[in-house]
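Each chain gets a letter, A, B and so on, in the order its sequence line appears, and its residues count up from 1.
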Number of protein chains: 2
Amino acid sequence: MSPLTNGSHRPDPLEHLSPREKEILPLVARGMDNREIGKTLFISEKTAKNYVTSIRKKLGLKNRTQIALFALKEGVVELEDS
Amino acid sequence: MSPLTNGSHRPDPLEHLSPREKEILPLVARGMDNREIGKTLFISEKTAKNYVTSIRKKLGLKNRTQIALFALKEGVVELEDS
DNA sequence: GAAGTTGCTTCATATCATGTACTACGAGTA
DNA sequence: TACTCGTAGTACATGATATGAAGCAACTTC
(Lines give C-alpha, C1' and ligand atoms only; values in the text may rest on other atoms or scores of the structure.)
Protein backbone atom coordinates (compact mmCIF):
# COMPACT_ATOMS: atom_id res chain seq x y z
CA MET A 1 0.00 0.00 0.00
CA SER A 2 1.20 3.48 -0.76
CA PRO A 3 2.46 5.35 2.28
CA LEU A 4 0.30 8.25 1.21
CA THR A 5 -2.93 6.34 1.29
CA ASN A 6 -4.60 6.05 4.64
CA GLY A 7 -3.93 2.68 6.17
CA SER A 8 -6.64 2.85 8.85
CA HIS A 9 -3.97 3.00 11.52
CA ARG A 10 -4.38 6.76 11.42
CA PRO A 11 -7.68 8.66 11.59
CA ASP A 12 -8.69 10.03 8.22
CA PRO A 13 -8.40 13.83 8.34
CA LEU A 14 -10.95 13.98 5.57
CA GLU A 15 -13.65 12.09 7.38
CA HIS A 16 -15.43 15.25 8.48
CA LEU A 17 -15.71 16.58 4.96
CA SER A 18 -19.10 16.24 3.30
CA PRO A 19 -19.34 14.48 -0.08
CA ARG A 20 -19.60 17.81 -1.84
CA GLU A 21 -16.57 19.14 0.00
CA LYS A 22 -14.62 16.09 -1.09
CA GLU A 23 -15.46 17.00 -4.66
CA ILE A 24 -14.22 20.54 -4.16
CA LEU A 25 -10.95 19.57 -2.48
CA PRO A 26 -9.10 18.16 -5.50
CA LEU A 27 -10.15 21.11 -7.62
CA VAL A 28 -8.61 23.52 -5.14
CA ALA A 29 -5.56 21.29 -5.06
CA ARG A 30 -5.11 21.73 -8.80
CA GLY A 31 -4.90 25.50 -8.49
CA MET A 32 -8.40 26.30 -9.71
CA ASP A 33 -10.02 29.55 -8.54
CA ASN A 34 -13.59 29.73 -7.25
CA ARG A 35 -15.04 30.79 -10.59
CA GLU A 36 -13.52 27.77 -12.33
CA ILE A 37 -14.70 25.43 -9.58
CA GLY A 38 -18.19 26.84 -9.93
CA LYS A 39 -18.21 26.29 -13.66
CA THR A 40 -16.88 22.78 -13.29
CA LEU A 41 -19.52 21.73 -10.77
CA PHE A 42 -22.37 23.88 -12.15
CA ILE A 43 -22.75 25.93 -8.98
CA SER A 44 -22.26 29.63 -8.37
CA GLU A 45 -18.88 31.08 -7.57
CA LYS A 46 -20.37 32.07 -4.19
CA THR A 47 -21.19 28.51 -3.35
CA ALA A 48 -17.76 27.33 -4.40
CA LYS A 49 -16.31 29.97 -2.10
CA ASN A 50 -18.29 28.70 0.84
CA TYR A 51 -17.19 25.12 0.31
CA VAL A 52 -13.57 26.18 0.23
CA THR A 53 -14.07 28.13 3.45
CA SER A 54 -15.74 25.16 5.09
CA ILE A 55 -12.96 22.82 4.02
CA ARG A 56 -10.31 25.21 5.26
CA LYS A 57 -11.97 25.53 8.64
CA LYS A 58 -12.49 21.82 9.07
CA LEU A 59 -8.86 21.15 8.24
CA GLY A 60 -7.59 24.04 10.35
CA LEU A 61 -5.75 25.77 7.49
CA LYS A 62 -5.19 29.42 6.74
CA ASN A 63 -5.60 29.71 2.98
CA ARG A 64 -6.30 27.74 -0.19
CA THR A 65 -2.66 27.17 -0.98
CA GLN A 66 -2.36 25.31 2.30
CA ILE A 67 -5.43 23.32 1.31
CA ALA A 68 -3.62 22.30 -1.86
CA LEU A 69 -0.51 21.29 0.06
CA PHE A 70 -2.60 19.31 2.51
CA ALA A 71 -4.38 17.47 -0.28
CA LEU A 72 -1.07 16.52 -1.81
CA LYS A 73 0.29 15.24 1.50
CA GLU A 74 -2.82 13.14 2.00
CA GLY A 75 -2.62 11.76 -1.52
CA VAL A 76 -5.98 13.20 -2.51
CA VAL A 77 -4.38 14.41 -5.73
CA GLU A 78 -1.18 13.66 -7.58
CA LEU A 79 1.36 16.17 -8.80
CA GLU A 80 0.41 16.30 -12.45
CA ASP A 81 0.85 18.49 -15.51
CA SER A 82 -1.83 21.09 -15.71
CA MET B 1 19.39 11.22 -9.59
CA SER B 2 15.94 12.13 -8.51
CA PRO B 3 13.49 12.56 -11.37
CA LEU B 4 12.42 15.81 -9.74
CA THR B 5 15.82 17.43 -9.88
CA ASN B 6 16.77 19.05 -13.11
CA GLY B 7 19.13 16.87 -15.06
CA SER B 8 20.40 19.53 -17.48
CA HIS B 9 18.74 17.71 -20.37
CA ARG B 10 15.85 20.10 -19.82
CA PRO B 11 16.17 23.87 -19.54
CA ASP B 12 15.72 25.05 -15.97
CA PRO B 13 12.34 26.81 -15.71
CA LEU B 14 13.74 28.76 -12.79
CA GLU B 15 16.70 30.21 -14.63
CA HIS B 16 14.94 33.51 -15.29
CA LEU B 17 14.18 34.07 -11.64
CA SER B 18 16.44 36.51 -9.80
CA PRO B 19 18.19 35.35 -6.61
CA ARG B 20 15.65 37.20 -4.49
CA GLU B 21 12.77 35.65 -6.42
CA LYS B 22 14.25 32.23 -5.74
CA GLU B 23 14.10 33.07 -2.05
CA ILE B 24 10.46 34.03 -2.31
CA LEU B 25 9.41 30.96 -4.25
CA PRO B 26 9.71 28.35 -1.46
CA LEU B 27 7.89 30.63 0.95
CA VAL B 28 4.94 30.87 -1.41
CA ALA B 29 5.17 27.12 -1.86
CA ARG B 30 4.69 26.64 1.88
CA GLY B 31 1.42 28.52 1.84
CA MET B 32 2.64 31.80 3.32
CA ASP B 33 0.75 35.00 2.53
CA ASN B 34 2.44 38.24 1.50
CA ARG B 35 2.50 39.69 4.99
CA GLU B 36 4.25 36.60 6.37
CA ILE B 37 6.75 36.58 3.53
CA GLY B 38 7.50 40.24 4.21
CA LYS B 39 8.09 39.59 7.88
CA THR B 40 10.28 36.58 7.17
CA LEU B 41 12.54 38.43 4.75
CA PHE B 42 12.35 41.83 6.47
CA ILE B 43 10.80 43.58 3.49
CA SER B 44 7.44 45.27 3.09
CA GLU B 45 4.32 43.35 2.19
CA LYS B 46 4.20 45.42 -1.01
CA THR B 47 7.60 44.25 -2.07
CA ALA B 48 6.72 40.67 -1.32
CA LYS B 49 3.64 41.13 -3.45
CA ASN B 50 5.75 42.46 -6.31
CA TYR B 51 8.03 39.45 -6.16
CA VAL B 52 5.14 37.02 -6.23
CA THR B 53 3.68 38.83 -9.22
CA SER B 54 7.02 38.75 -11.00
CA ILE B 55 7.50 35.05 -10.30
CA ARG B 56 3.99 34.26 -11.48
CA LYS B 57 4.53 36.18 -14.72
CA LYS B 58 7.88 34.60 -15.43
CA LEU B 59 6.50 31.12 -14.86
CA GLY B 60 3.28 31.80 -16.77
CA LEU B 61 0.99 30.86 -13.88
CA LYS B 62 -2.37 32.24 -12.81
CA ASN B 63 -2.22 32.39 -9.02
CA ARG B 64 -0.04 31.62 -6.02
CA THR B 65 -1.48 28.16 -5.51
CA GLN B 66 -0.25 27.24 -8.97
CA ILE B 67 3.13 28.68 -8.00
CA ALA B 68 3.18 26.30 -5.04
CA LEU B 69 2.27 23.33 -7.23
CA PHE B 70 4.93 24.29 -9.73
CA ALA B 71 7.58 24.54 -7.02
CA LEU B 72 6.67 21.07 -5.79
CA LYS B 73 6.87 19.58 -9.28
CA GLU B 74 10.27 21.14 -9.78
CA GLY B 75 11.51 19.90 -6.46
CA VAL B 76 12.12 23.39 -5.13
CA VAL B 77 10.40 22.39 -1.93
CA GLU B 78 9.46 19.13 -0.33
CA LEU B 79 6.05 18.14 0.97
CA GLU B 80 6.61 18.72 4.65
CA ASP B 81 4.60 19.38 7.77
CA SER B 82 3.02 22.84 7.63
C1' DG C 1 -48.09 13.80 12.89
C1' DA C 2 -46.35 18.18 14.48
C1' DA C 3 -42.33 20.17 16.33
C1' DG C 4 -37.61 20.35 16.98
C1' DT C 5 -32.82 19.31 15.69
C1' DT C 6 -28.98 18.46 12.70
C1' DG C 7 -26.32 18.33 8.54
C1' DC C 8 -25.91 19.38 3.62
C1' DT C 9 -26.31 22.30 -0.30
C1' DT C 10 -26.97 26.52 -1.97
C1' DC C 11 -26.55 31.68 -2.37
C1' DA C 12 -25.66 36.47 -0.52
C1' DT C 13 -23.28 40.62 1.70
C1' DA C 14 -19.26 42.80 3.59
C1' DT C 15 -14.50 42.95 4.39
C1' DC C 16 -9.84 41.59 3.60
C1' DA C 17 -6.08 39.56 0.57
C1' DT C 18 -4.32 39.01 -3.85
C1' DG C 19 -3.55 40.32 -8.54
C1' DT C 20 -2.66 43.94 -12.24
C1' DA C 21 -0.41 47.81 -13.88
C1' DC C 22 2.20 51.05 -13.27
C1' DT C 23 6.02 54.65 -11.26
C1' DA C 24 10.30 55.49 -8.85
C1' DC C 25 15.03 55.36 -7.08
C1' DG C 26 19.73 53.84 -5.61
C1' DA C 27 23.33 50.24 -6.29
C1' DG C 28 25.63 47.50 -9.12
C1' DT C 29 27.24 46.07 -13.81
C1' DA C 30 27.80 44.90 -18.92
C1' DT D 1 24.83 54.73 -21.11
C1' DA D 2 21.68 51.28 -20.49
C1' DC D 3 20.56 47.53 -18.08
C1' DT D 4 19.08 44.34 -14.09
C1' DC D 5 18.08 43.97 -9.33
C1' DG D 6 16.06 45.07 -4.96
C1' DT D 7 13.18 47.92 -2.73
C1' DA D 8 8.69 50.52 -1.98
C1' DG D 9 4.86 52.84 -3.41
C1' DT D 10 -0.21 54.18 -5.58
C1' DA D 11 -4.57 52.90 -7.69
C1' DC D 12 -7.78 49.85 -9.14
C1' DA D 13 -9.73 45.10 -10.30
C1' DT D 14 -10.39 40.65 -8.96
C1' DG D 15 -10.29 36.78 -5.73
C1' DA D 16 -10.59 35.01 -1.03
C1' DT D 17 -12.39 35.03 3.70
C1' DA D 18 -15.99 35.77 7.50
C1' DT D 19 -20.51 35.46 8.44
C1' DG D 20 -25.35 34.80 7.88
C1' DA D 21 -29.24 32.44 6.20
C1' DA D 22 -32.84 29.91 3.30
C1' DG D 23 -34.44 25.40 1.59
C1' DC D 24 -34.45 20.61 2.12
C1' DA D 25 -33.90 15.74 3.83
C1' DA D 26 -33.35 12.65 7.72
C1' DC D 27 -33.90 11.84 12.16
C1' DT D 28 -35.70 12.15 16.99
C1' DT D 29 -39.06 13.11 20.46
C1' DC D 30 -43.19 14.42 22.27
Salt bridge flag under 4.0 Å for residues B/Glu36 and B/Lys39: no
From [atom1] of [X] over to [atom2] of [N], roughly how many Å is that when rounded to an integer?
| X | N | atom1 | atom2 | answer |
| --- | --- | --- | --- | --- |
| B/Phe42 | D/dA8 | CZ | C1' | 18 Å |
| B/Arg20 | C/dG28 | CZ | P | 16 Å |
| A/Glu15 | C/dG7 | CD | P | 14 Å |
| B/Lys46 | D/dG6 | NZ | C1' | 17 Å |
| A/Ile37 | D/dG15 | CD1 | C1' | 11 Å |
| A/Glu45 | C/dT13 | CD | P | 13 Å |
| A/Asp33 | D/dT14 | CG | P | 13 Å |
| A/Gln66 | C/dA17 | CD | P | 14 Å |

Close side-chain approach of A/Leu14 to A/Phe70, heavy-atom, < 4.5 Å: yes
Heavy-atom side-chain proximity of B/Leu61 to B/Leu69 below 4.5 angstrom: no
Base of D/dA8 paired with side chain of B/Asn50 (donor-acceptor, under 3.5 Å): yes
Donor-acceptor pair present, B/Lys49 side chain and C/dG19 base, under 3.5 Å: yes
Taking 4.0 Å as the cut-off, does a side-chain nitrogen or oxygen of [X] come that near to OP1 or OP2 on [N]?
| X | N | value |
| --- | --- | --- |
| B/Ser18 | D/dG6 | yes |
| B/Asn34 | C/dT18 | yes |
| B/Tyr51 | D/dC5 | no |
| A/Arg56 | D/dA18 | yes |
| A/Ser44 | C/dT10 | no |
| B/Arg35 | C/dA17 | no |
| A/Arg64 | D/dA16 | yes |
| A/Thr53 | D/dA18 | no |

Candidates D/dA16, D/dT17, C/dT10 - which lies nearest the side chain of A/Asn63: D/dT17
Options C/dA21, C/dT10, C/dT18, nucleotide nearest the side-chain atoms of A/Ile43: C/dT10
B/Tyr51 and B/Ile43: CA distance, side-chain angles, deciding distance, side-chain contact (heavy atoms from CB on, under 4.5 Å) verdict: CA-CA 11 Å; B/Tyr51 282 125; B/Ile43 56 178; 4.1 Å; yes
Stepwise side-chain contact (heavy atoms from CB on, under 4.5 Å) test for A/Arg20 and A/Leu41: CA-CA 10 Å; A/Arg20 199 55 159 163; A/Leu41 298 181; 4.0 Å; yes
5' priority, DNA chain D, between A/Thr65 and B/Leu41 [closest heavy atom]: B/Leu41
A/Lys22 atom NZ, over 12 foreign heavy atoms within 6.0 Å: yes
